[in-house]
Amino acid sequence: MALAALAVVCAGVELVAGRGMSPGMVWDVVNGGGDATARHIFFQLRLPRLLVSLGAGACLAVAGLVLQSALRNPLAGPEVTGVTPGAVLGAVTATALGLAGWDSPLAVVLAACTGGCAGAALLWLLAGRGRGDPAQTAVHGVLVSAVLGGLTAMVLLVEPGELGSVVQWLVGTTEGRVWQHWHLLWPWALLWGAGAWLLAGPLTLLRCGDDTALTAGLSVRPARTLALLCAVALTAGAVAAVGALGFVGLLVPHLAMAVFGADLRVSLPGAALVGAVVVCGADAAAQLSSRLPVPGLDAGRFTLPVGALTACLGAALLLVVVRRTPSRTF
């Protein structure tokens, strides 16, 4: 209940934050008033941006918890599957070739999903016979992510004019999200989120180890394959909508497990709620920062991407966790 209340508070702050409208103007629009410009900003820009941030945060958090359970690695995040850099590469390549752009959300989403699935397929091919081994899958995932990141840099060298697009996809942003992004995201998130919840039982056994899962009668490799497929799909959908939000899929599952416990039937929906709150709150803070005067910069053009904020906060939190548990082996 506290998290649900916090989600409502973060959503309200995000709706009134940012430039272009004062809180009083937002209140007038909510009550049915306001001029045409204010109504357009609220209903066509701020509201879909809020919903996309909630949905993307939920997808990344659930994907991270599924990965950490399936691979039995507390430091496994969506990046370990190669989906995040693959989706970024797909979106940037399609933009550089003129096949997609920020004015065509559907083309960008399709390109990002294609790239994310290609990244996961590359990981699957490289893992080979050892793809059922959690440690080997994680190591190959890091290598695949590095290769795909290098390819993205090569696209930037060929098309330097796409620097802005590359930075936005690499950092992650909710800027400029419209209803089409939301209509593409929510059915995908609902479908694969439900699939992840149905795998709560097998994932619980996988967390206990392969030997325990085999003793309980679970077919380990098919179960892990289905779990990774759900994580790949959820990550691809989120990255296609907002880009690569760092550390959300890595650290939010730990918060969800601490709050909701080890029962994945409860902690998976809980992770979705925590992820939505984290990304929505970070986006609200990023928009509020745009109102602050920045020396040397045009205040009307300064915008802090939400991905930069989540990366900084996530890195700081990760350092705190590692320093508090120096004897733990990850």
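Residue numbers run from 1 in the order of the sequence given.
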### Taking every non-hydrogen atom, the tightest pair across Ala63 and Thr235
CB-OG1, 3.4 Å
### Message
Measuring from atom CG of Leu51 to atom CG of Leu47, what distance do you get when rounded to the nearest 0.5 angstrom?
### Response
5.0 Å
### Task
Would you sort out whether Val252 and Leu60 count as a side-chain contact (heavy atoms from CB on, under 4.5 Å), showing the intermediate values?
CA-CA 9 Å; Val252 168; Leu60 290 174; over 6 Å; no
### Task
Report yes or no: do Val232 and Val248 belong to one cluster of Ile/Leu/Val/Met/Phe/Trp/Tyr joined by side chain heavy-atom distances under 4.5 Å?
no
### Query
Does the side chain of Val62 reach to within under 4.5 Å of the side chain of Trp197, using non-hydrogen atoms?
no
### Query
When the ring planes of Trp179 and His183 are compared, do they come out parallel, tilted or perpendicular, using 30° and 60° as the limits?
parallel
### Nearest-0.5 Å distance, CG of residue Leu268 to OG of residue Ser69
7.0 Å
### Message
For a quick test of reading the model, state the closest non-hydrogen atom pair linking Met257 to Ala262 and the distance between them.
### Response
CE-CA, 3.7 Å
#### Entry: Hydrophobic cluster identity match, Val147 and Val142, side-chain contacts under 4.5 Å
no
#### Entry: Flag, side chain of Gln44 to backbone of Val178, donor-acceptor distance under 3.5 Å
no
### Task
Output the distance between atom NE2 (His181) and atom CZ (Arg49), rounded to the nearest 0.5 Å.
12.0 Å
### Task
Looking only at non-hydrogen atoms, find the nearest pair between Pro253 and Gly64 and report the distance.
CG-C, 3.6 Å
### Message
Any side-chain to backbone donor/acceptor pair from Trp182 onto Leu50? Under 3.5 Å, distance only.
### Response
no
### Query
With Pro202, which of Leu218, Leu264, Val220 fulfils side-chain contact (heavy atoms from CB on, under 4.5 Å)?
Leu218
### Query
Between atom CG of Leu226 and atom CG of Leu203, what is the distance when rounded to the nearest 0.5 Å?
9.5 Å
### Verdict with supporting geometry, Asp210 and Arg224, salt bridge (Lys or Arg N to Asp or Glu O under 4.0 Å)
CA-CA 10 Å; Asp210 291 0; Arg224 181 170 286 125; 2.9 Å; yes
### Query
Do Met25 and Trp27 sit in the same hydrophobic cluster, where Ile, Leu, Val, Met, Phe, Trp and Tyr count as joined when their side-chain heavy atoms come under 4.5 Å apart?
no
### Message
As an exercise, state the distance from SG of Cys230 to CG of Leu228, rounded to the nearest 0.5 Å.
### Response
9.5 Å
### Query
Mind checking whether Trp192 and Val66 have side chains closer than 4.5 Å, heavy atoms only?
no
### Step-by-step side-chain contact (heavy atoms from CB on, under 4.5 Å) determination, Leu65 to Ser267
CA-CA 9 Å; Leu65 183 53; Ser267 58; 3.9 Å; yes
## Note on the structure
Residues Val83 and Ala236: closest non-hydrogen pair is CG1-N, 3.6 Å
### Query
Ignoring hydrogens and geometry, is there a side-chain-to-backbone donor-acceptor pair from Thr93 to Gly90 under 3.5 Å?
no
### Query
Does one hydrophobic cluster hold both Leu273 and Val8, with members joined at side-chain heavy-atom distances below 4.5 Å?
no
### Message
I want to check something: taking the side chain as every heavy atom from C-beta on, are Asp283 and Glu175 in contact at a cut-off of under 4.5 Å?
### Response
no
### Query
Looking at side-chain heavy atoms only, is the closest gap between Leu313 and Phe247 below 4.5 Å?
no
### Message
For the CG atom of Leu245 and the CG atom of Leu309, what is their distance to the nearest 0.5 Å?
### Response
10.5 Å
#### Entry: Side chain Arg46, main chain Leu15, donor-acceptor under 3.5 Å
yes
### Summary
For Gly246 and Thr310, the nearest pair of non-hydrogen atoms, with its separation, is O-OG1, 3.4 Å
### Query
Where do Leu148 and Gly82 come nearest, in terms of heavy atoms and distance?
CD1-O, 3.4 Å
### Query
Heavy-atom distance under 4.5 Å between the side chains of Leu255 and Leu251, does that happen here?
no
